[in-house]
Amino acid sequence: MVKITKEIIVNNAQGLHARPAALFVQIASRYNSEVTIQKDNEKVNGKSIMGILTLGVQPGVKVILEIDGEDSDKVIAELEDLLTKDSIE
Amino acid sequence: MKISDFLCTKAVLADLKSTTKDDVIAELVDLLINAGSIEKKRRKDVLEILMAREALGSTAIGQGIAIPHGKYGSMKKLIGCLGISKQGINFDSLDGEPAYIFFLLIAPVDSAGPHLKALARISRLLKDKYIRETLKAAKDDKSILAIVQREDGRLSKL
């Protein structure tokens with residue numbers, strides 16, 4: 001697999017605050033694929049905590065992940081799992 | 001949300017003295033105490049909450065920035081302070097770099113929305129490398145505040 005684009009509704013009860021943003025970046029950074037996350041018309045680097053925080057993603061909001069690289073299938077599985085879990089501290 | 005909605009203007013410091021994570025968090029909390037934003041008797045509780053949050057994972061978000069934060073029941077509204085370390089402090093950042101710019105936030109318990117908006121605004125302000133370098137080079141507290149207020153105003157117009 002190479003490029004994957006997927007819409008995901010963020011289900012974390014508190015949205016993408018600092019902790020889930022850090023976890024997101026930790027996952028994304030383990031892989032070679034390029035990762036971006038988009039909310040509305042704003043797209044940021046998925047390997048930057050600051051980038052993700054600028055989006056201020058509230059719970060229940062739709063984001064679009066774009067993952068480009070050899071290992072994109074693994075990345076999307078892990079990130080989707082993270083964003084749809086409702087119990088990140 | 002604007003930075004001016006939560007930054008305590010009397011709690012801005014251009015030259016943090018601390019050299020460790022624990023000390024700098026205490027120094028930042030003391031800024032808020034001295035500014036009258038937190039009662040002195042709350043110091044121990046607030047420090048415990050902030051350190052417990054750090055134990056979950058560092059609040060250093062890369063690019064030399066840390067945003068230690070916590071929720072505290074006695075707070076009526078979100079409040080923050082800002083301090084700069086000239087020499088940098090090891091804050092267990094994901095990118096392994098020291099932190100120079102510290103934005104500390106203390107929020108009421110049920111304030112996920114405002115907290116998220118404050119984080120977004122701080123990130124928007126500090127994602128600009130020029131702003132980060134200007135803050136690090138600022139010579140006194142007044143200059144720091146002036147830079148933040150100017151950029152906060154500019155972001156509001158975008």
Side-chain angles (χ1 to χ4, degrees), chain A residues 8-65 75 78-79 81-89, chain B residues 1-3 49-50 52-71 78 80 91-97 99-129 131-132 151 155 158:
Chain A
I8 294 173
I9 305 290
V10 175
N11 204 18
N12 172 341
Q14 313 228 304
L16 280 184
H17 59 99
R19 181 76 187 131
L23 293 172
F24 188 101
V25 169
Q26 273 172 7
I27 293 169
S29 302
R30 278 209 303 272
Y31 296 98
N32 292 324
S33 286
E34 281 179 34
V35 179
T36 64
I37 174 167
Q38 180 178 349
K39 189 192 97 176
D40 303 325
N41 292 323
E42 201 167 357
K43 190 192 276 190
V44 300
N45 180 355
K47 299 189 183 186
S48 157
I49 302 176
M50 196 161 28
I52 296 172
L53 290 179
T54 60
L55 297 179
V57 180
Q58 310 266 8
V61 162
K62 182 182 80 181
V63 295
I64 300 167
L65 298 189
V75 188
E78 278 202 58
L79 290 179
D81 187 49
L82 174 79
L83 295 180
T84 53
K85 267 193 303 198
D86 62 358
S87 61
I88 306 162
E89 277 304 311
Chain B
M1 180 180 292
K2 301 193 292 290
I3 303 279
I49 287 161
L50 292 166
R53 172 60 185 83
E54 292 302 324
L56 280 178
S58 175
T59 59
I61 57 171
Q63 317 281 0
I65 302 156
I67 36 166
H69 57 269
K71 290 179 181 157
L78 179 69
F91 216 77
D92 305 313
S93 172
L94 269 187
D95 64 7
E97 297 296 322
Y100 297 87
I101 303 173
F102 296 84
F103 236 118
L104 181 137
L105 296 174
I106 302 173
V109 172
D110 53 350
S111 66
H115 176 64
L116 204 55
K117 285 186 183 139
L119 291 176
R121 186 68 169 201
I122 292 169
S123 304
R124 230 169 253 287
L125 175 82
L126 297 177
K127 73 176 181 186
D128 183 334
K129 187 176 181 192
I131 303 298
R132 296 198 298 272
E151 290 305 313
L155 287 174
L158 292 180

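Within every chain, numbering begins at 1; the chains are lettered A, B, ... in the order of the sequence lines, protein sequences first and strands thereafter.
Applying the 6.0 Å contact sphere to CD of A:Glu78 captures more than 12 heavy atoms from other residues, nucleotides or ligands. Annotation for A:Lys39: atom NZ counts as buried by contact number, over 12 foreign heavy atoms lying within 6.0 Å. In the displayed structure, B:Lys71 atom NZ is contacted under 6.0 Å by more than 12 heavy atoms of other residues, nucleotides or ligands.
Using a 4.5 Å cut-off between heavy atoms, B:Ile67 contacts chain A through its side chain alone, with no backbone atom that close. Using a 4.5 Å cut-off between heavy atoms, A:Leu16 touches chain B through its backbone atoms (N, CA, C, O) alone. Interface remark: B:Lys127 contributes backbone and side-chain atoms alike to the contact with chain A (heavy atom separation under 4.5 Å). Within the 4.5 angstrom heavy-atom criterion, only side-chain atoms of B:Ile65, from C-beta onward, approach chain A. Contact of B:Arg121 with chain A is not made at all, since no heavy-atom distance falls under 4.5 Å.
If you take CD on B:Gln63 and CE on A:Met50, they are separated by 4.5 Å, rounding to the nearest 0.5 Å. Separating the CG atom in B:Leu94 from the CG atom in A:Leu23 is a distance of 9.0 Å, to the nearest 0.5 Å. Between A:Leu53 atom CG and B:Leu116 atom CG the span is 8.0 Å, to the nearest 0.5 Å. Atom OG1 of B:Thr59 sits about 9.5 Å away from atom CD1 of A:Ile49, to the nearest 0.5 Å.
Among all heavy-atom pairs drawn from A:Gln14 and B:Ala112, the shortest one is NE2-CB, 4.1 Å. Among all heavy-atom pairs drawn from A:Thr54 and B:Ser123, the shortest one is CG2-CB, 3.4 Å.
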